[in-house]
Amino acid sequence: MARILITSAIPYINGIKHLGNLVGSQLPADLYARFMRARGHDVMFICATDEHGTPAELAAAKAGKPVDEFCAEMHKVQSGIADGFRLSFDHFGRSSSAQNHALTQHFAGRLNRAGLIEEVSEKQVYSNTDGRFLPDRYIEGTCPNCGYDKARGDQCENCTKQLDPTDLIDPRSAISGSTDLEVRETKHLYLKQSDLKDQLSDWIDSKSDWPILTTSIAKKWLHDGDGLQDRGITRDLNWGVPVKDGEKDWPGMEGKVFYVWFDAPIEYIAATHEWADASGGDWQSWWRTDKGADTVRYVQFMGKDNVPFHTLSFPATIIGANSLNDGEQWKLVDYIKSFNYLNYDGGQFSTSQGRGIFQDQALEILPADYWRWWLLSHAPESSDSEFTWENFQSGVNKDLADVLGNFVSRVTKFCRSKFGEAVPDAGAFGDAEHALITDLTARVRAYEGYMEAMEVRKSAAELRAIWVAGNEYLQTVAPWSTIKENPDMAAAQIRLALNLIRLYAILSAPFIPDASKSMLASMKTTDDAWPDDVAASLSALPPGHVFEVPDVLFAKISDEDREDWQARFAGTRDAAQ
RNA sequence: GGCGCGGUAGCUCAGCUGGUCAGAGCGCUCGACUCAUAAUCGAGAGGUCGGGAGUUCAAGUCUCCCCCACGCCA
């Protein structure tokens, strides 16, 4: 039994995410977690909401709520959606937790002691009306280059010219519109990532088995231009982890918080701490290699936009903190599975533009399994992939309703009408049955291989082929004909087919957990042991075992439904949730 | 403008270190079957692998140039 730590990129708190976010990290992570649990491994599957930063403050203000209250509510909403999609987190934490505050401050303190923190003085725009410093992108004004009057402090969207906030003509706060702005001197902490560049580079180079998508992005940031830059890890905000040096105050840093990208990945660790506090478990044995985590395999799932932070920034934090060599050693990630983007009818899904299908809407129109199956079987692994309603409809109808659902239906109904609702006991397996078992054994082993390798699409294709094999078998042996001359043989055929339903339920559970549960329930069994021995597994339901004909497992998506949804989701929805 | 990832059958996509690599699923056509959610099973048609040049005995598979789409950055 192996110990496997799995984290999914943590979704930002300020709204409901679209399906692209789901398929890019949480869903494949869940697939892997479920599979590894089913194989008997010890799994810790962690996710959380990423709650700090200016966008959260602004979203809260727009909702007319204090930011902590807003975040608590949104965390509940996101947690509910995660449940809706059957994401099997061991813990769904919050980056605003006390545990994360303490750990973030702890890491900062260690980095400071390791000599990797530098204080930098810089000038920043302060809004007297808003009572806060403004990040560059929250300052608007007229572009000195093209005259566009809604240029942002970091860039003019009209002419794309890179700007400094002080370049803007008639600058104003994008938050309040106030022009009562002034430039103030402020001090910030920088993490000297450049000092860690060689170690990071060696570490990345050692990961020859990582997806090209992952390493190519990391190497680009490491080597492009001037190479890896030092990074500001503090901000002049109210909402965040207060800057401290471990448990001590940090002189000169009063009233400042850590930058959201510094504390967010630390939340992976803190969320495990949250889990431990709630369950009495041992979180350090998952994260401290000096406390047992040396036997842990740590796998991260994320979209490609998150790769730089997980291949460089977070590892820099860990490597830097470990460099004290005082025995306290933290776990670095072993494997990063990254995904491209899922596009929506020819363009991007977009949270800010409200374009595409959002997670809550998806669950309103169809059960989780439909989305899980289609999204996973079309996961954007090697390149961006495309969601179209036609594809979704045909994929779901064909794979789930026709191939799998109808298999369950035809077998159980045939048995009920000819033998009653119990596994028939006459007859023995012959050549066709043994051939099927041999074929299935090979396919199940291939499926396991793809799942272990996190080859999501290939896993789905193999699973589908396993379902098809059942239909092939039925078509070949044709129990509806056999029963006329040789009822015993038909009984054996149906006995095998009923056992196939149970086998399919077990194998399919990581993809479609609800349907899998229904299948096991209709077979009236709780034995969901993984089929290490396929032949034995296909005798698990003994002669005489009672079952019941289930309801239709998957209703088909009609053309009317599809057209209806297509129209409904063609526009945009209010971006701010 | 620079960089990155792609451009393979109508659609969505596989094709690792060059030599059964021209494939899968869907769609389409034809056939079989009738237990089943008008389901299933089989067969077939469909592509000069974005364009051009080059390296090689041999190139979707390597090199160079160009075109197109997307993304990131400046």
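Scope of the values below: all heavy atoms of this structure, side chains included, with no hydrogens, waters or symmetry mates. We name chains A, B, ... by the order of the sequence lines, and we start the count at 1 in each one.
- Between A:Tyr344 and A:Trp389, the ring planes lie perpendicular to each other; the angle is over 60°, past the 30° to 60° tilted range.
- Near RNA chain B, meaning a heavy atom under 4.0 Å from it, residues 540-565 of chain A has A:Val552, A:Leu553, A:Phe554, A:Lys556 in order of number.
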Pairing pattern in dot-bracket form [Watson-Crick, G-U; both distances under 3.5 Å; | = partner strand] for RNA chain B:
((((.((..((((.........)))).(((((.......))))).....(((((.......))))))).)))).

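- Less than 4.0 Å separates RNA chain B from at least one heavy atom of each of the following residues of residues 451-464 of chain A: A:Arg457, A:Lys458, A:Arg464.
- B:G18 shows a glycosidic angle more than 90° from 0 and is accordingly assigned anti.
- Rounded to the nearest Å, the gap between the P atom of B:C70 and that of B:G54 is 32 Å.
- The existence of a salt bridge linking A:Asp439 and A:Arg443 is confirmed by a sub-4.0 Å separation between a basic side-chain nitrogen and an acidic carboxylate oxygen.
- Rounded to whole angstrom, the span from the CG atom of A:Asn391 across to the P atom of B:C26 amounts to 12 Å.
- Between the C1' atoms of B:C57 and B:G42, the separation comes to 41 Å (whole Å).
- Anti is the classification of B:G42, since its glycosidic angle lies more than 90° from 0.
- Contacts of residues 465-489 of chain A with RNA chain B (heavy atom under 4.0 Å): A:Val468, A:Asn471, A:Glu472, A:Gln475, A:Trp480.
- Ranking B:U37, B:U40, B:G71 by closeness to the A:Ala401 side chain, first place goes to B:U37.
- One atom, CG of A:Leu400, and another, P of B:A36, lie 21 Å apart when rounded to the nearest Å.
- B:U8 sits 44 Å from B:C35 when the P atoms are compared, rounded to a whole Å.
- To the nearest angstrom, C1' of B:C73 lies 15 Å from CG of A:Asp305.
- Considering A:Ile233, A:Val120, A:Thr234 in turn, A:Val120 is the only one that fulfils the side chain to side chain contact (heavy atoms under 4.5 Å, CB included) rule with A:Tyr190.
- Between A:Arg86 and A:Asp514, at least one side-chain nitrogen of the basic residue sits less than 4.0 Å from a carboxylate oxygen of the acidic one, meeting the salt-bridge criterion.
- By the 4.0 Å N-to-carboxylate-O rule, A:Asp399 lies close enough to A:Arg464 to be salt-bridged with it.
- Under the 4.0 Å criterion applied to side-chain N and carboxylate O atoms, A:Lys556 and A:Asp402 are assigned as salt-bridge partners.
- The local environment of CE in A:Met489 is sparse, with at most 12 non-hydrogen atoms from other residues, nucleotides or ligands closer than 6.0 Å.
- Salt-bridge check for A:Lys337 with A:Glu381: passed, with a basic side-chain N closer than 4.0 Å to an acidic carboxylate O.
- The aromatic rings of A:Phe419 and A:Phe414 stand perpendicular to each other, their planes meeting at an angle above 60°, with 30° marking the opposite boundary.
- For A:Lys304 and A:Phe339, the positive end is not near the middle of the six-membered ring at less than 6.0 Å and at most 45° from its axis.
- In this entry the distance linking CG of A:Asn306 with P of B:G71 reads 18 Å, nearest Å.
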Close N or O pairs between protein and nucleotides 67-69 of chain B (under 3.5 Å):
none

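- Here, B:A45 and B:A9 have their C1' atoms 11 Å apart, quoted to the whole Å.
- Residues from residues 419-450 of chain A placing a heavy atom under 4.0 Å of any atom in RNA chain B do not occur.
- Rounding to whole angstrom units, CD1 of residue A:Ile501 and P of B:U37 are separated by 13 Å.
- The aromatic rings of A:Phe358 and A:His18 lie perpendicular to each other, with more than 60° between the two planes, well past the 30° mark.
- Applying the side-chain hydrogen bond (donor to acceptor under 3.5 Å, both in side chains) test to A:Thr438 and every residue at least two apart in sequence or in another chain returns nothing.
- A gap of 12 Å separates the C1' atoms of B:C11 and B:C28, to the nearest Å.
- Residues forming a side-chain hydrogen bond (donor to acceptor under 3.5 Å, both in side chains) with A:Lys524 (at least two apart in sequence, or on another chain): A:Glu548.
- With hydrogens and angles left out, the side chain of A:Asp402 and the base of B:A39 share no donor-acceptor pair within 3.5 Å.
- The P atoms of B:A53 and B:A58 are separated by 16 Å, rounded to the nearest whole Å.
- A:Phe407 has its CZ atom 11 Å from the P atom of B:C41, to the nearest Å.
- Going from atom CG of A:Asn340 over to atom P of B:U12 covers 16 Å, rounded to whole Å.
- As rounded to the nearest Å, B:A22 and B:G15 have C1' atoms that lie 9 Å from one another.
- Looking at A:Asp561 and A:Ser558, their side chains do bring a donor and an acceptor atom within 3.5 Å of each other.
- One P atom belongs to B:C21, the other to B:U61, and the distance between them is 16 Å to the nearest Å.
- Residues forming a side-chain hydrogen bond (donor to acceptor under 3.5 Å, both in side chains) with A:Trp467 (at least two apart in sequence, or on another chain): A:Ser508.
- Position along RNA chain B of the nearest nucleotide to A:Tyr341 versus A:Asp399 favours A:Asp399 as the more 5'-ward residue.
- Aromatic pair A:Phe392/A:Trp371: centroids less than 6.0 angstrom apart.
- Here B:C73 presents its P atom at 12 Å from NZ of A:Lys304, a figure rounded to the nearest Å.
- For A:His378, the ring pair (Phe, Tyr, Trp, His ring centres under 6.0 Å) partners two or more places apart in sequence, or in a different chain, are A:Trp374.
- With sequence neighbours excluded, no residue forms a side-chain hydrogen bond (donor to acceptor under 3.5 Å, both in side chains) with A:Trp480.
- Checked against salt bridge (charged side-chain N to carboxylate O under 4.0 Å, His left out), A:Arg34 has the following partners two or more places apart in sequence or in another chain: A:Asp30.
- Ring centroid separation for the pair A:Tyr370 and A:Phe554 comes in under the 6.0 Å cut-off.
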